[in-house]
Amino acid sequence: IGPPPLKGTQPLIAFLSYAAQIQLDVLAGRHDNALALAGVADEVSWRFRNYSEFTEYRFYTGLAHAAAYHISPPEDRERHVDGLREQHRKFASWSARVPENFAARKTLLEAEIVRIEGRPLEAELLYEESIRLAHEAEFMQIEAIASECAAGFYEERGIRTAVLAYLTK
C-alpha cells in the first residue's frame with residue numbers, strides 16, 4: 001500500500017513526494033494506494049498549507065475517497081463519504097474566497113457526493129458545471145478529470161452515448 005514514510009527526509013520533500021504520488025495513484029486508478037499515502041501526508045500537511053501542492057493533495061484525496069466508495073464493502077463506505085465531504089468543505093471555503101482557482105474542484109467533489117447520495121439529476125448538472133468552470137479557468141487537467149468522472153457516472157447508468165461524448169471531450 002504505497003511506499004513507507006520517507007525517513008530521514010525533510011518534511012517538505014516528503015510531503016511534495018506524497019502529494020505527487022497521490023495524484024499519480026488517483027489518475028492510475030490506485031485509490032487504495034492514494035488513500036494510504038494521504039494518511040501519511042496528513043501528518044505533515046499542516047506545515048505546507050501555502051504550497052499549491054497542498055490543495056492538489058486535498059483534491060486528489062477527495063477523488064480517491066469517491067472512487068473507493070464504489071468499490072468498498074458497505075462497512076467502509078461511510079469512512080469514504082466522510083473523507084470526501086471533508087475535502088469538499090475545504091474547497092468550499094477556498095472557493096468562496098478565490099472561485100476562479102477552486103470552484104471547479106469544489107463542484108466536482110460536490111458532484112461526487114451527490115452521485116453517492118443517489119441524486120442523479122443534480123449530479124449531472126454539477127458535472128457539467130465543474131467542466132464549464134474548469135474550462136473557463138483554463139484548468140485543462142481538471143476539465144479532463146471532471147469529464148472522466150461524468151463518463152463514469154453515465155457508464156454506471158448505461159448511457160453509452162454520453163460516456164463516449166465525455167471521454168472524447
Side-chain angles (χ1 to χ4, degrees), residues 1-95 101-120 123 126-127 130-131 134 139 141-156 166-167:
I1 298 186
L6 299 173
K7 295 181 186 200
T9 304
Q10 290 182 357
L12 175 60
I13 294 170
F15 175 74
L16 295 176
S17 175
Y18 291 139
Q21 189 61 50
I22 289 166
Q23 184 174 354
L24 290 172
D25 283 340
V26 168
L27 294 174
R30 297 184 300 261
H31 305 100
D32 288 344
N33 282 354
L35 291 171
L37 286 172
V40 176
D42 280 343
E43 297 174 19
V44 295
S45 67
W46 61 271
R47 294 174 164 183
F48 309 111
R49 292 180 299 212
N50 293 332
Y51 287 79
S52 63
E53 288 83 358
F54 180 79
T55 57
E56 295 304 305
Y57 142 76
R58 290 291 184 188
F59 177 63
Y60 286 95
T61 298
L63 291 178
H65 278 295
Y69 175 88
H70 296 289
I71 59 173
S72 293
E75 62 270 13
D76 292 339
R77 289 183 174 175
E78 193 61 36
R79 175 176 65 91
H80 293 302
V81 171
D82 291 344
L84 175 56
R85 284 187 179 126
E86 177 186 345
Q87 304 314 325
H88 176 261
R89 277 191 298 275
K90 292 179 185 318
F91 276 91
S93 173
W94 298 332
S95 179
N101 286 348
F102 301 111
R105 291 173 180 87
K106 176 207 64 108
T107 304
L108 179 54
L109 294 176
E110 186 175 355
E112 292 292 283
I113 291 168
V114 168
R115 172 188 190 178
I116 288 169
E117 291 175 345
R119 300 188 324 234
L126 288 167
Y127 286 121
S130 178
I131 292 165
F139 288 126
Q141 75 280 15
I142 304 304
E143 184 178 0
I145 292 167
S147 294
E148 285 187 14
C149 289
F153 166 77
Y154 285 107
E155 182 76 41
E156 285 178 359
Y166 281 105
L167 289 178

Measuring from atom [atom1] of [X] to atom [atom2] of [Y], what distance do you get when rounded to the nearest 0.5 angstrom?
X: His31; Y: Thr61; atom1: NE2; atom2: OG1; result: 11.5 Å
X: Glu110; Y: Leu84; atom1: CD; atom2: CG; result: 10.5 Å
X: Glu78; Y: Ser72; atom1: CD; atom2: OG; result: 12.0 Å

Contact check, side chains of [X] and [Y], non-hydrogen atoms, under 4.5 Å:
X: His70; Y: Glu156; answer: yes
X: Ile113; Y: Val81; answer: no
X: Phe54; Y: Phe15; answer: yes
X: Glu112; Y: Tyr127; answer: yes
X: Leu35; Y: His80; answer: yes
X: Tyr60; Y: Leu24; answer: no
X: Gln21; Y: Arg30; answer: yes
X: Thr107; Y: Ile131; answer: no

Taking all non-hydrogen atoms of both residues into account, name the closest pair between [X] and [Y] and its distance.
X: Ala123; Y: Phe153; answer: CB-CE1, 3.9 Å
X: Cys149; Y: Leu108; answer: CB-CD1, 4.0 Å
X: Val26; Y: Ala34; answer: CG2-CB, 3.7 Å
X: Ala92; Y: Lys106; answer: CA-CD, 3.6 Å

Has the side chain of [X] got a donor or acceptor atom that lies under 3.5 Å from a matching backbone atom of [Y]?
X: Ser130; Y: Leu126; result: no
X: Ser17; Y: Ile13; result: no
X: Arg79; Y: Glu75; result: no

Inset, instruction - Measure from NZ or CZ of Arg77 to the centre of the six-membered ring of Tyr69 and say whether it is under 6.0 Å with the direction within 45° of the ring axis. - result: yes
Inset, instruction - I would like to know whether Trp94 and Thr55 meet side-chain contact (heavy atoms from CB on, under 4.5 Å); could you show each step before the answer? - result: CA-CA 9 Å; Trp94 298 332; Thr55 57; 3.6 Å; yes
Inset, instruction - Starting from the C-alpha separation in whole Å, work towards a yes-or-no answer on side-chain contact (heavy atoms from CB on, under 4.5 Å) for Leu109 and Leu63. - result: CA-CA 7 Å; Leu109 294 176; Leu63 291 178; 4.1 Å; yes
Inset, instruction - State which residue, out of Gln87, His88, Glu56, fulfils the side-chain hydrogen bond (donor to acceptor under 3.5 Å, both in side chains) condition with Arg105. - result: Glu56
Legend entry - Ring geometry between Phe59 and Phe91 (parallel below 30°, tilted from 30 to 60°, perpendicular above 60°): perpendicular
Does the distance from a Lys or Arg side-chain N to an Asp or Glu carboxylate O, for [X] and [Y], drop under 4.0 Å?
X: Glu117; Y: Arg85; value: yes
X: Glu53; Y: Arg58; value: no
X: Glu86; Y: Arg89; value: no

